[in-house]
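Chain A is the first sequence line, chain B the second, and so forth, proteins listed ahead of strands; every chain is numbered from 1.
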Amino acid sequence: AMSLHTKMARLGDSTFSTMEKVNSELLAMTYGALVTTLIKDFQDVKVVNTELEKMGYNIGVRLIDEFLAKTGVTQCRNLKETAHSIAKIGFKMFLGINAEVTWGADARQFSIEFKGNPLIEFVELPEKFKNLDYSNLLCGVIRGALHMVQMVVTTELRKSELKGDPVSEIYVTLKQHLAEKFKGEDD
Amino acid sequence: FFLGCGAQICRKSPMVYIAIVGKGDVLIYEAKLPGPSSGKVPPENQLQFIVHQALDSLDHKTWSGTSMYLKQVDTFNKMPVSAFVTAGHIKFMLLHSSSLEENAIKQFFYEVYRLYIKVAMNPFYLKNTPITSSAFNDRVRTSARNFFMR
């Protein structure tokens with residue numbers, strides 16, 4: 001019998017193979033242009049970090065539909081399954097990379113660890129931008145996607161390959177579950 | 001003995017000197033790299049001047065053919081200056097001993113080109129500004145060691 005996590009990894013691989021692809025250099029350069037333009041416009045690294053996260057959120061609220069449609073994944077039974085869906089299926093199908101889950105301080109917190117983020121290809125962070133969370137868009141994507149499936153989370157880019165860490169890490173904390181609201185239910 | 005040496009002591013040391021020049025003859029990178037022993041090593045303050053002098057012959061030679069590798073474009077005290085022009089007209093110039101093989105220089109230039117492209121692709125790098133990447137510096141030195149010290 002195959003473990004759930006193995007099944008998820010397989011689903012991630014197979015979904016990735018069916019996805020339309022874009023040239024990774026084009027993606028990296030487009031994202032790089034976006035980030036540097038934000039820096040030029042806002043001049044403040046903290047503000048840019050926030051803007052990237054907001055953009056990510058807007059992407060995430062839409063991306064979740066594509067995720068559910070393409071993978072056929074139905075409701076996750078618990079947070080562990082959610083975490084592994086993001087790492088094994090989400091990261092694989094949208095970024096083409098393998099991500100790992102490590103569990104956090106308590107049952108409501110976990111990390112997604114990954115290497116080879118295509119967004120950071122060619123990037124070297126200058127010293128003056130050492131507090132820039134370059135990949136913060138991804139944090140927003142996770143927050144937005146989970147919000148659409150009734151989970152309110154906070155996310156944080158804790159480690160970055162651009163800052164000299166061996167891996168990148170997004171730390172996710174579950175704040176609350178939202179109750180599903182159904183409109184116009186028959187009495 | 002060395003013309004223009006002044007009070008400086010010029011000693012034999014294994015060295016080649018590379019300069020990368022951008023648009024408007026702006027120097028964006030320079031380094032003394034490991035290389036075969038050249039009899040006469042120009043003093044530090046002359047290196048940039050020598051390379052600058054060679055720019056005119058370089059510009060001339062750029063359009064003489066279709067190759068990016070321009071081979072020798074000038075000489076200084078019997079030390080050849082070899083050059084390479086990228087598609088974007090960034091100029092790589094090498095001051096080296098005449099004992100250095102052309103093929104080694106050509107391969108070295110293509111490797112520097114590859115490394116330069118990586119720098120240029122960094123969204124934070126502004127074209128025509130000094131290259132400060134320590135990764136670039138390290139890799140250029142390693143390349144020089146690989147191609148010139150054998």
Side-chain angles (χ1 to χ4, degrees), chain A residues 22-49 51-53 55-56 95-96 115-138 140 157 160-168, chain B residues 18-24 26-34 68-69 84-94 107-147:
Chain A
V22 72
N23 180 293
S24 67
E25 288 183 4
L26 180 61
L27 175 69
M29 298 191 79
T30 305
Y31 188 69
L34 171 73
V35 174
T36 51
T37 305
L38 284 176
I39 291 174
K40 215 181 289 175
D41 287 349
F42 292 110
Q43 295 287 319
D44 184 326
V45 162
K46 277 209 179 85
V47 175
V48 173
N49 287 345
E51 287 303 306
L52 285 173
E53 205 277 348
M55 285 180 159
L95 293 173
K115 270 186 184 187
N117 180 1
L119 295 178
I120 67 171
E121 184 133 35
F122 307 119
V123 180
E124 264 187 60
L125 269 187
E127 179 64 27
K128 58 182 167 174
F129 297 132
K130 60 178 183 204
N131 292 324
L132 176 69
D133 290 334
Y134 190 85
S135 305
N136 221 25
L137 190 98
L138 299 180
L157 190 70
S160 172
E161 286 180 90
L162 289 182
K163 296 183 186 174
D165 298 310
V167 293
S168 293
Chain B
I18 184 175
I20 299 183
V21 176
K23 236 184 176 181
V26 172
L27 183 72
I28 63 176
Y29 179 80
E30 60 171 345
K32 295 216 286 252
L33 305 170
M68 286 192 274
Y69 177 48
F84 182 98
V85 188
T86 72
H89 276 255
I90 305 293
K91 303 155 203 169
F92 305 157
M93 302 170 76
L94 199 71
Q107 287 188 53
F108 171 71
F109 275 145
Y110 272 103
E111 181 64 19
V112 173
Y113 191 18
R114 224 178 45 83
L115 296 170
Y116 171 78
I117 288 168
K118 287 207 176 132
V119 168
M121 298 277 261
N122 179 9
F124 292 105
Y125 175 71
L126 268 162
K127 195 180 173 187
N128 238 31
T129 59
I131 297 172
T132 56
S133 159
S134 55
F136 176 81
N137 194 33
D138 293 340
R139 288 182 192 136
V140 168
R141 283 176 195 283
T142 307
S143 278
R145 215 172 295 126
N146 292 338
F147 288 114

Where on [X] is there a heavy atom nearer than 4.5 Å to chain B: the side chain, the backbone, both, or neither?
X: A:I120; answer: neither
X: A:E121; answer: neither
X: A:L34; answer: neither

- Query: Would you call the rings of A:F129 and B:F124 parallel, tilted or perpendicular if under 30° counts as parallel and over 60° as perpendicular?
  - Reply: tilted
- Message: Checking A:N117 against A:S168: is there a side-chain donor and acceptor pair closer than 3.5 Å?
- Response: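 There is no such pair (donor and acceptor under 3.5 Å, judged by atom type) between the side chains of A:S168 and A:N117.
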- Message: Between A:D133 (side chain only) and A:N49 (backbone N and O only), is there a donor and an acceptor less than 3.5 Å apart?
- Response: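 Pair absent, no side-chain N/O of A:D133 close to backbone of A:N49.
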- Query: Is it true that a side-chain atom of A:Y31 and a backbone atom of A:Y134 form a donor plus acceptor pair closer than 3.5 Å?
  - Reply: yes
